[in-house]
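Here's the structure, in structure tokens; my notes come after.
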Amino acid sequence: MLDRKLIAEKLEECARRLATRGAEGLPLEEIVRLDRRRKELQHAFDEARNQQSQLGPRIQQAMKRGEEASDLKAQSAELKAAVREHEASLREVEAQLHELLLTVPNLPHPEAPLGGEDDGVVVRTEGEPKEFDFEPKDHVALCEASGLALLGERASKLAGASFVTFLGEGARLVRALINFFLDLHTREHGYTEVSPPFVANRETMTGTGQLPKFEEELYAIPRDGLYLIPTAEVPVTNLWRNEMIPGERLPLAYCAYTPCFRREAGAAGKMTRGLKRLHQFDKVELVRFCHPEASDEQHQLLLRHAEEPLRRLGLHYRIKELATGDLGFAAARCYDIEAHSPATGEWLEVSSVSTFTDFQARRANIRFKDPKAPGSKGKARKGFVHTLNGSGLALPRVIVALLETYQRPEGGAVVPEALRPYLDGRELLGA
RNA sequence: GGAGGGUUGGCUGAGCGGUCGAAAGCACCUGAUUUGAAAUCAGGAGGCCCGCAAGGGCUCGGGGGUUCGAAUCCCUCACCCUCCGCCA
């Protein structure tokens, strides 16, 4: 959610910056108009309320003197009606305003490259492309040959297409990767592990920006008013909803393993075989809360943390900064981390590392309060925190890159060193 | 799921429907005493929102209601505790 004041004061600039992400025809003028109306109503309400509350003691005194005070009572009743009226219109205007505000995406970061999907900038490429002296198979063929994952009809029997079942060493590989990622981030990068609910209510989904605009993307449990989470970002960011974080605790860093559920409703036509696009996948997510002035630096730090698992697994990958038109609704700036699929030559997005500035914090009302300097009469500084998150990492596509990169001509795949402790020291998988 | 009890400021804990934004204690801040600290004494101070300020509004778990007036009465929701039932 954008700051109403900012929209009012810099309407042109907001519109221009939002246009760079392709957001046109937003109700910005309407928002400014409603905000002005809101202020007026608030004033009228305060005024009437003030008058009414001053009448109370006077009535009491009159009654102590044994008077009826019926004229005062009537006056008070009248004011009460006025207060109610003002309050009702105030609430209505506020609700309208809020609703409009929820539809406006975040402002892109001034340094984000301009353009659309194809204008992302590859910031750097890490590792070497894998060379084979035989014809490499793609991950689908490898899964079929090794039996690590069920991709076909037998798997879709359970919940439909685009749900996978990992079997035997494949299931074990999933667990190993989750543990590897979590251990790395908690032990070496200082993240606090969170194991949240895999469902969330409407308010929680609104806080991070999934609702109201992207209801189509979510699996819902209408009977209980719940949604399956599309990412751990949702429950973890909302941990602090409607709270004030003591400034000295910032920055906060959380990591969480959860399955992620996505309907991929907008992805029709992009259907792919195999593990590349699923309705349910496992992911370890990193979430950070920080002071506003720290978010750029925190974004770089988060990026380093998120890519570290790929480095340790010895995979070839690149970092791409998304152009403004490709940014997610709530993001101000975003790096995608893409692992290389040597069999197809594709770059697979395994992580999206975003900074949301105060956009999510406003929606979810997450603020900080710095401690007052001792002895100083100045007020403690308060404000909305900045939130950031990134996958660290999403499993299925990492598995694709892993199997393809480390495949052997005679079948199976070599386990990279870093992962062996999580697989009983095994050096080979699916052989 | 059923029955009962509870939720007050950072904490503990009072609070006849009318100067209650709320006693008291602890913690906190300022000053005095002290070489410094502790102890003691005297003061001060809840939080949030709008506002440059003056000022105003909101706030006793959330929401609604009764009343001229609600921390106090009623309804409802959430959470906590106890008992019963069920259960990995």
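Keep in mind that the numbers below use all heavy atoms, side chains included, and drop hydrogens, waters and symmetry copies.
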Does the plane of the ring in H189(A) sit parallel, tilted or perpendicular to the ring in H185(A)? Use 30° and 60° as the thresholds.
tilted
Return the nucleotide paired to U19(B): Watson-Crick means purine N1 to pyrimidine N3 with N6-O4 or O6-N4, wobble means G-U with N1-O2 and O6-N3, both under 3.5 Å.
none
Tell me the partner of G9(B), counting only Watson-Crick (N1-N3 plus N6-O4 or O6-N4) or G-U wobble (N1-O2 and O6-N3) with both under 3.5 Å; none if nothing fits.
none
OP1 or OP2 of G47(B) sitting under 4.0 Å from any side-chain N/O of K382(A)?
no
Residues two or more places apart in sequence or in another chain: which of them pass side chain to side chain donor-acceptor pair (under 3.5 Å) with E85(A)?
none
Is the distance between the ring centroids of Y335(A) and H299(A) less than 6.0 Å?
yes
Which pairs, protein N/O on one side and nucleotides 54-60 of chain B N/O on the other, fall under 3.5 Å?
from   : atom 1 : to     : atom 2 : distance (Å)
G57(B) : OP1    : N50(A) : OD1    : 2.7
G57(B) : O2'    : D46(A) : OD1    : 3.1
C58(B) : OP1    : R49(A) : NE     : 2.5
C58(B) : OP1    : R49(A) : NH2    : 3.3

What is the ring orientation for F261(A) with Y219(A), classed by angle as parallel under 30°, tilted 30 to 60°, or perpendicular over 60°?
perpendicular
If you measure from the C1' atom in G69(B) to the same atom in C20(B), how many Å do you get, rounded?
13 Å
In this structure, how many angstroms lie between the C1' atom of U19(B) and the CG atom of L55(A), rounded?
15 Å
Can you tell me how far C1' in C73(B) sits from the matching atom in U67(B), rounded to whole Å?
10 Å
What is the base-pairing partner of C86(B), counting Watson-Crick and G-U wobble geometry with both distances under 3.5 Å?
none
Let me see the working for F368(A) and H291(A) under ring pair (Phe, Tyr, Trp, His ring centres under 6.0 Å), right down to the final yes or no.
CA-CA 8 Å; F368(A) 68 89; H291(A) 279 108; 4.8 Å; yes
When all nucleic acid strands are considered with a 4.0 Å heavy-atom cut-off, which category describes R84(A): base, sugar-phosphate, or nothing?
sugar-phosphate
Indicate whether OP1 or OP2 belonging to U67(B) is found under 4.0 Å from a side-chain N or O atom of K73(A).
no
Chi-based syn or anti call at U66(B), which uses purine or pyrimidine torsion atoms and a 90° bound:
anti
Could you give the CZ-to-P distance, from F384(A) to C48(B), as a whole number of Å?
13 Å
What class does the angle between the rings of F289(A) and Y254(A) fall in, given that below 30° is parallel, 30 to 60° is tilted and above 60° is perpendicular?
perpendicular
So, is Q61(A) close to the G18(B) phosphate, meaning a side-chain N or O under 4.0 Å from OP1 or OP2?
no
Please work out if Q75(A) contacts a base, only the sugar-phosphate, or nothing of the nucleic acid, heavy-atom cut-off 4.0 Å.
nothing
With E349(A) via side chain to side chain donor-acceptor pair (under 3.5 Å) - residues at least two apart:
S352(A)
Of the listed nucleotides (G51(B), G18(B), C49(B)), which one gets closest to any side-chain atom of M63(A)?
G18(B)
Using the C1' atom as the reference point in each nucleotide, state the distance between U82(B) and C75(B) in Å, no decimals.
25 Å
Within the structure, does a side-chain N or O atom of R91(A) lie under 4.0 Å from either OP1 or OP2 of G64(B)?
yes
Respond yes when some side-chain nitrogen or oxygen of R367(A) is under 4.0 Å from OP1 or OP2 of C49(B), and no when none is.
yes
Between U72(B) and A14(B), how far apart are the two C1' atoms, rounded to whole Å?
13 Å
Could you give the distance separating A78(B) and G63(B) at their C1' atoms, to the nearest angstrom?
10 Å
With rounding to the closest Å, how many angstrom separate the C1' atoms on G46(B) and U59(B)?
10 Å
Nearest to the side chain of I59(A), which nucleotide is it out of C48(B), G51(B), G18(B)?
G18(B)
How far, in whole Å, is A53(B) from C16(B) if one measures between their P atoms?
39 Å
Opposite nucleotide pairing with U40(B), Watson-Crick or G-U, both atom distances under 3.5 Å
A32(B)
Charged N-O contact under 4.0 Å between E40(A) and R36(A):
no
